[in-house]
Protein chains: 2
Amino acid sequence: MLGDQIRTRRELLKDADRRYSLRQVAGRVGIEPAYLSKIERNEVPPPGEETIKKISRDLELDPDVMLAMAGKISSDLQEIIRKRPLLFSKMLRALKEAPDHAILEVVREVTDGDW
Amino acid sequence: MLGDQIRTRRELLKDADRRYSLRQVAGRVGIEPAYLSKIERNEVPPPGEETIKKISRDLELDPDVMLAMAGKISSDLQEIIRKRPLLFSKMLRALKEAPDHAILEVVREVTDGDW
DNA sequence: CATAATGTTTACTATATACTACACACTAAA
DNA sequence: TTTAGTGTGTAGTATATAGTAAACATTATG
């Protein structure tokens, strides 16, 4: 679950730095300590996109992975798809079962800019 | 707007087939006529994913395009991304500015199954 | 030992989402 | 010409989303 990841990561950081207490993290993130407590214990549904991103930044966790665990997708990715829905929908469904290395290959090709 | 697309398409079909009155379409789709009326005139925020898909099916419109106009993304696509968030997030951002033909090329390669 | 900080419990709350239900005026068909 | 069908205006609702706020018991610190 999302909460477990957050708690585990925060407690790890806390051992080396007391600025990672639940209250202090909540303070930096801009939410109530009580709410972060409930998030970490999966007592509430996952927070909103912005809150997940702020928590991820504070704890140096990957925001896309955290959002995925929350059943969400970053709005910047959504926008990319929404701008060309036919193309990207087709591509995603085509790559659904593709092995990881095939997708990485696509990234590599495109990053090399050979179009 | 989404409503315009629906209204235009429905009225086009209605000219050839009176089963495409607002009431009859609403009936098949499973929503109140008053609601469909408001959707077509953009008087309400876009309906939910399932309702958009049903309307799209009835009027033979592309559901991914309709969902995009509603600011949404089909849940099956979201699931594809959520299963491998690192990979697909990276790929989408890499392809953000890529020209259409480059994306189609990716689809072609993958569809040919040469991995 | 006092007090400061920690995590948690309980009780709310505001806003958005996704609609329904009924009544109405107008037009077309039998 | 009545009645069947069309689209629309108004009012209301259920559920989900995304949190806040105060008080509490427990542990750590000066």
Side-chain angles (χ1 to χ4, degrees), chain A residues 1-56 58-59 63 66-75 78, chain B residues 1-56 58-59 63 66-75 78:
Chain A
M1 302 280 282
L2 178 72
D4 307 358
Q5 292 293 312
I6 295 173
R7 169 140 301 186
T8 303
R9 175 72 179 154
R10 185 179 60 74
E11 303 219 299
L12 188 99
L13 293 172
K14 195 178 72 169
D15 289 342
D17 186 341
R18 3 193 228 322
R19 287 168 34 236
Y20 288 93
S21 76
L22 188 146
R23 275 164 187 274
Q24 293 209 44
V25 170
R28 284 191 300 274
V29 166
I31 58 177
E32 289 294 314
Y35 187 39
L36 180 54
S37 171
K38 281 176 265 185
I39 292 167
E40 291 192 348
R41 286 170 298 118
N42 305 301
E43 217 206 72
V44 290
E49 178 176 340
E50 281 317 310
T51 298
I52 291 178
K53 286 185 176 172
K54 284 180 195 158
I55 293 172
S56 301
D58 199 78
L59 303 180
M66 291 297 115
L67 286 169
M69 297 188 93
K72 308 189 191 220
I73 294 188
S74 185
S75 50
Q78 301 213 30
Chain B
M1 301 280 281
L2 179 73
D4 307 358
Q5 292 292 314
I6 295 173
R7 169 141 301 185
T8 303
R9 176 72 180 154
R10 186 180 59 75
E11 303 218 299
L12 188 99
L13 291 172
K14 196 178 73 169
D15 289 342
D17 187 340
R18 17 193 213 323
R19 286 167 36 236
Y20 288 93
S21 76
L22 187 147
R23 274 165 187 275
Q24 294 209 45
V25 170
R28 284 192 299 274
V29 167
I31 58 176
E32 289 294 312
Y35 186 40
L36 180 53
S37 171
K38 280 175 266 185
I39 292 167
E40 290 191 350
R41 287 172 296 119
N42 305 302
E43 218 206 70
V44 289
E49 177 176 341
E50 280 317 309
T51 299
I52 291 178
K53 286 185 175 172
K54 284 181 195 158
I55 293 172
S56 301
D58 199 78
L59 304 179
M66 291 297 114
L67 286 169
M69 297 188 93
K72 307 187 191 220
I73 294 189
S74 185
S75 50
Q78 301 213 30

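Numbered from 1 within each chain, the chains take letters A, B, ... in sequence-line order.
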Using atom [atom1] of [X] as one end and atom [atom2] of [N] as the other, report the distance to the nearest whole Å.
{"X": "L22(B)", "N": "dT6(D)", "atom1": "CG", "atom2": "P", "answer": "9 Å"}
{"X": "R23(B)", "N": "dA23(C)", "atom1": "CZ", "atom2": "C1'", "answer": "11 Å"}
{"X": "Y20(A)", "N": "dG7(C)", "atom1": "OH", "atom2": "P", "answer": "14 Å"}
{"X": "E50(A)", "N": "dT15(C)", "atom1": "CD", "atom2": "P", "answer": "19 Å"}
{"X": "R18(A)", "N": "dA4(C)", "atom1": "CZ", "atom2": "C1'", "answer": "13 Å"}
{"X": "L36(B)", "N": "dC19(C)", "atom1": "CG", "atom2": "P", "answer": "12 Å"}
{"X": "E32(A)", "N": "dT13(C)", "atom1": "CD", "atom2": "P", "answer": "16 Å"}
{"X": "K53(A)", "N": "dA18(D)", "atom1": "NZ", "atom2": "P", "answer": "13 Å"}

*asked:* Rounded at 0.5 Å granularity, tell me how far CD in Q24(B) sits from CG in L36(B).
replied: 12.0 Å
*Given side chains that start at C-beta, do those of Y20(B) and L59(B) come closer than 4.5 Å, heavy atoms only?*
yes
Given [options], which nucleotide is nearest the side-chain atoms of [X]?
{"X": "E43(A)", "options": "dT20(D), dT9(C), dT10(D)", "value": "dT9(C)"}
{"X": "R41(A)", "options": "dT20(D), dT6(C), dT9(C)", "value": "dT9(C)"}
{"X": "A34(B)", "options": "dC22(C), dT6(D), dT8(C)", "value": "dC22(C)"}
{"X": "S21(A)", "options": "dT8(D), dT6(C), dT10(D)", "value": "dT6(C)"}
{"X": "Y35(B)", "options": "dG7(C), dG7(D), dA18(C)", "value": "dA18(C)"}

*Look only at the side chain of R28(B) and the backbone of R19(B), and say whether a donor-acceptor pair between them is shorter than 3.5 Å.*
yes
*Does N42(A) reach the main-chain N or O of G3(A) with its side chain, forming a donor-acceptor pair under 3.5 Å?*
yes
*I31(B) or P45(B), whichever maps to the more 5' nucleotide of DNA chain C*: P45(B)
*Pick base, sugar-phosphate or nothing for G27(B), based on heavy-atom distances below 4.0 Å to the nucleic acid.*
nothing
Check whether any side-chain N or O of [X] sits under 4.0 Å from OP1 or OP2 of [N], and answer yes or no.
{"X": "K72(A)", "N": "dT17(D)", "answer": "no"}
{"X": "R7(A)", "N": "dT8(C)", "answer": "yes"}
{"X": "R10(B)", "N": "dG7(D)", "answer": "yes"}
{"X": "T51(A)", "N": "dG19(D)", "answer": "yes"}
{"X": "Q24(A)", "N": "dA5(C)", "answer": "no"}

*asked:* Looking at every heavy atom in both M66(B) and L2(B), which two are closest together, and how far apart are they?
replied: O-CD1, 3.4 Å
_Closest non-hydrogen atom pair, P46(A) against A70(A)_ = CB-CB, 3.5 Å
*asked:* Taking donor-acceptor contacts at under 3.5 Å, does the side chain of K14(A) reach the base of dT6(C)?
replied: no
*Does the dT20(C) base have a donor-acceptor partner in the side chain of K38(B) within less than 3.5 Å?*
yes
